[in-house]
Amino acid sequence: MKQPGFFDVEERLARLSGLGDQLEAFSRTVDFEVFRPDLELVLAYSDGSKGGRPPFDPVLMFKILVIQTLNNLSDERTEYLINNRLSFMRFLGLGLSDRVPDAKTVWLFRERLTQAGAIERLFDRFDATLRNAGYLPMSGQILDATLVAAPKQRNTNAEKADLRAGRIPEDWQDKPAKMSHKDRHARWTLKFTKAKRQDDGTIPSSDLAIPFFGYKSHVSIDRKFRFIRKWKTTDAAASDGARLREGLLDKTNTASSVWADTAYRSKANEDFMDKEGFVSKVHRKKPHLKPMPRHIQKSNAGKSVIRSRVEHVFADQKSQTGLFIRTVGITRATMRIGLANIVYNMRRFLFLERLNASA
């Protein structure tokens with residue numbers, strides 16, 4: 001077997017480009033340098049005057065988080081694949097002889113960003129890039145939420161009661177190792193799904209209620225380009241509707257219409273939208289123990305055609321990037337969901353730019 005040379009690597013990279021390397025498309029379309037000022041500000045690295053090994057470039061480390069999110073990788077798997085894949089190395093600007101961050105370094109970098117609350121700043125930075133590229137929020141906005149699974153906790157009923165009340169169970173207080181593995185913010189809820197047709201052709205009269213543990217991702221997308229413009233992370237049991245009044249509406253959208261399902265229909269929300277200058281296109285609920293009036297049914301059907309676009313966002317995040325919470329606590333869950341939202345916007349940006357180029 002011959003020794004691999006420089007031109008062998010170049011030939012392999014050229015072949016990867018021909019096969020459609022998504023990361024290469026990211027490098028061409030997304031200017032990752034726009035994140036540098038915010039990364040350097042929140043990380044506050046020393047100037048190196050005290051000696052020691054210099055830290056890895058913050059933009060390189062952020063691009064590693066993008067790789068992780070795109071491929072739903074653990075830190076250990078990320079370290080392995082960066083060393084193993086030429087496409088990853090090219091995206092990061094690393095050569096075969098360059099030092100690669102290990103799993104612990106990746107964890108520490110993400111943890112520093114998490115504790116600094118940097119994800120909102122980074123999300124806003126890329127949103128500004130989208131606006132500068134001409135993708136302004138237009139044609140109104142669509143709100144919705146989706147459940148994001150987290151590792152299930154095996155707690156007693158007494159422990160669950162303490163957690164719901166905002167208390168730390170007494171048995172955990174003197175056990176820091178146990179506390180570090182217990183998620184005190186994720187919650188159980190019921191996930192309702194449509195009952196499937198039976199073998200005999202009948203459909204059960206009631207839908208299925210499936211227990212679910214984890215968090216909830218709330219988003220507002222613009223109707224025109226379908227970018228995520230506002231977002232919020234809560235526990236899985238949190239109400240969808242109440243989030244509408246907690247900064248989930250984008251006041252910079254060029255149109256005032258707001259689409260959402262019946263979970264967002266309440267007098268408080270309708271009054272809030274009217275006061276803030278929004279026009280409600282929220283689905284109306286079926287009257288209790290009465291059939292749905294024909295005109296409301298027809299109106300809801302028309303709204304569903306537009307509102308359903310937000311479902312594509314969640315489907316993309318879960319099917320393409322395998323959105324799942326591996327960490328403990330809502331602060332880290334917010335970081336994970338925030339990264340997923342940034343990466344979704346990047347992938348959507350790539351798609352729209354490619355569409356414009358071919359037009």
Side-chain angles (χ1 to χ4, degrees), residues 1-36 39 56-103 105-106 109-110 122-123 125-127 129-130 132-135 225-228 312-324 336 338-359:
M1 182 181 295
K2 69 173 185 177
Q3 287 290 106
F6 173 79
F7 292 106
D8 296 313
V9 174
E10 288 294 307
E11 182 179 343
R12 182 64 60 85
L13 288 172
R15 187 175 180 184
L16 287 172
S17 298
L19 293 171
D21 181 4
Q22 180 181 220
L23 290 177
E24 186 181 29
F26 266 60
S27 295
R28 285 196 307 265
T29 310
V30 178
D31 179 14
F32 283 91
E33 284 297 318
V34 300
F35 297 104
R36 184 178 294 279
L39 291 170
F56 284 97
D57 180 72
V59 175
L60 178 146
M61 295 299 299
F62 181 70
K63 290 169 80 172
I64 289 177
L65 299 187
V66 170
I67 287 177
Q68 271 193 318
T69 306
L70 274 170
N71 298 278
N72 191 24
L73 302 173
S74 66
D75 295 336
E76 291 74 17
R77 187 66 177 166
T78 300
E79 177 187 355
Y80 171 79
L81 289 176
I82 292 174
N83 283 282
N84 180 261
R85 291 190 181 178
L86 288 175
S87 60
F88 283 16
M89 284 189 277
R90 174 168 63 180
F91 176 64
L92 297 173
L94 296 174
L96 292 173
S97 60
D98 289 330
R99 186 166 62 101
V100 173
D102 59 19
T105 302
V106 174
F109 176 79
R110 186 177 58 252
L122 296 171
F123 180 89
R125 176 66 64 181
F126 189 65
D127 185 62
T129 298
L130 296 175
N132 291 336
Y135 296 103
F225 299 113
R226 305 186 197 181
F227 286 115
I228 297 172
H312 302 164
V313 176
F314 298 137
D316 182 274
Q317 289 184 320
K318 292 185 178 181
S319 64
Q320 298 297 320
T321 62
L323 183 57
F324 180 82
R336 175 71 178 93
L339 280 170
N341 292 340
I342 292 175
V343 168
Y344 165 80
N345 280 354
M346 287 181 176
R347 295 182 70 249
R348 183 71 183 164
F349 182 47
L350 258 65
F351 171 78
L352 294 175
E353 288 291 280
R354 192 181 300 120
L355 207 63
N356 293 335
S358 62

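Quick caveat, the model's predicted, so the values are computed rather than measured.
Residues Phe91 and Asp21 fail the side-chain proximity criterion, which asks for heavy atoms closer than 4.5 Å. Inter-residue side-chain proximity for Tyr344 and Leu323 is flagged as unmet; no heavy-atom pair is nearer than 4.5 Å. The shortest side-chain heavy-atom distance between Ile67 and Phe26 does not fall under the 4.5 Å cut-off. At least one side-chain heavy atom of Leu122 sits less than 4.5 Å from a side-chain heavy atom of Leu39. Residues Phe351 and Thr29 form no side-chain contact, since every pair of their non-hydrogen atoms from C-beta on lies 4.5 Å or further apart. Side-chain atoms of Arg36 and Pro58, non-hydrogen and from C-beta on, do get closer than 4.5 Å to each other.
A distance of 8.0 Å separates CD in Gln320 from CD in Gln22, rounded to the nearest 0.5 Å. Between atom CZ of residue Phe56 and atom CG of residue Asp102 there is a gap of 7.5 Å, rounded to the nearest 0.5 Å. Note that the CG atom of Asn341 and the OG1 atom of Thr69 stand 10.0 Å from one another [nearest 0.5 Å]. Taking CG of Leu73 as the reference point, atom OG1 of Thr321 lies at 11.0 Å (rounded to 0.5 Å). Here the straight-line distance linking atom OG of Ser27 with atom NZ of Lys63 works out to 4.5 Å at 0.5 Å rounding. The OG1 atom of Thr105 lies 11.5 Å from the CZ atom of Arg110; values are rounded to the nearest 0.5 Å.
Sorted by first and then second residue, the side-chain hydrogen bond (donor to acceptor under 3.5 Å, both in side chains) pairs with a member in residues 76-86 read Gln68-Thr78; sequence neighbours excluded.
In plain terms, the two heavy atoms of Met89 and Ile82 that are nearest each other are CG-O, 3.2 Å. Asn356 and Tyr135 get closest at one heavy-atom pair: ND2-OH, 2.9 Å. Across Phe35 and Arg125, no two heavy atoms sit closer than the pair CD2-CG, 4.2 Å. In this structure, Ile64 and Pro101 approach most closely via the heavy-atom pair CD1-CG, 3.7 Å. Between Val100 and Leu94, the shortest heavy-atom distance links the atoms CG2-CD1, 4.1 Å. Heavy atoms only, all atoms of each residue included: Leu60 and Leu92 are closest at CD1-O, 3.5 Å.
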task: Go through Phe32 and Val66 one step at a time and tell me if the side chain to side chain contact (heavy atoms under 4.5 Å, CB included) criterion holds.
output: CA-CA 11 Å; Phe32 283 91; Val66 170; 4.0 Å; yes
- request: For the pair Phe109 and Asp75, evaluate side chain to side chain contact (heavy atoms under 4.5 Å, CB included) and give the outcome as yes or no after the intermediate values.
  value: CA-CA 11 Å; Phe109 176 79; Asp75 295 336; over 6 Å; no
task: Please step through side chain to side chain contact (heavy atoms under 4.5 Å, CB included) for the pair Asn345 and Phe225, ending with a clear verdict.
output: CA-CA 10 Å; Asn345 280 354; Phe225 299 113; over 6 Å; no
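Ring-centre distance between Phe126 and Phe227: not below the 6.0 Å cut-off.
Asp127 is linked by a salt bridge (Lys or Arg N to Asp or Glu O under 4.0 Å) to Arg131, Arg229, counting only residues two or more places apart in sequence or in another chain.
Judged purely by atom type and a 3.5 angstrom limit, Ser358 uses its side chain to pair as donor or acceptor with the backbone of Leu355. Looking at Asp316, its side chain never comes within 3.5 Å of a backbone N or O of His312 through a donor-acceptor pair. Put simply, the side chain of Arg226 never gets that close to the backbone of Val313: no donor and acceptor are under 3.5 Å apart. Counting only distance, with no hydrogens or angles, the side chain of Arg336 and the backbone of Phe324 share a donor-acceptor pair below 3.5 Å.
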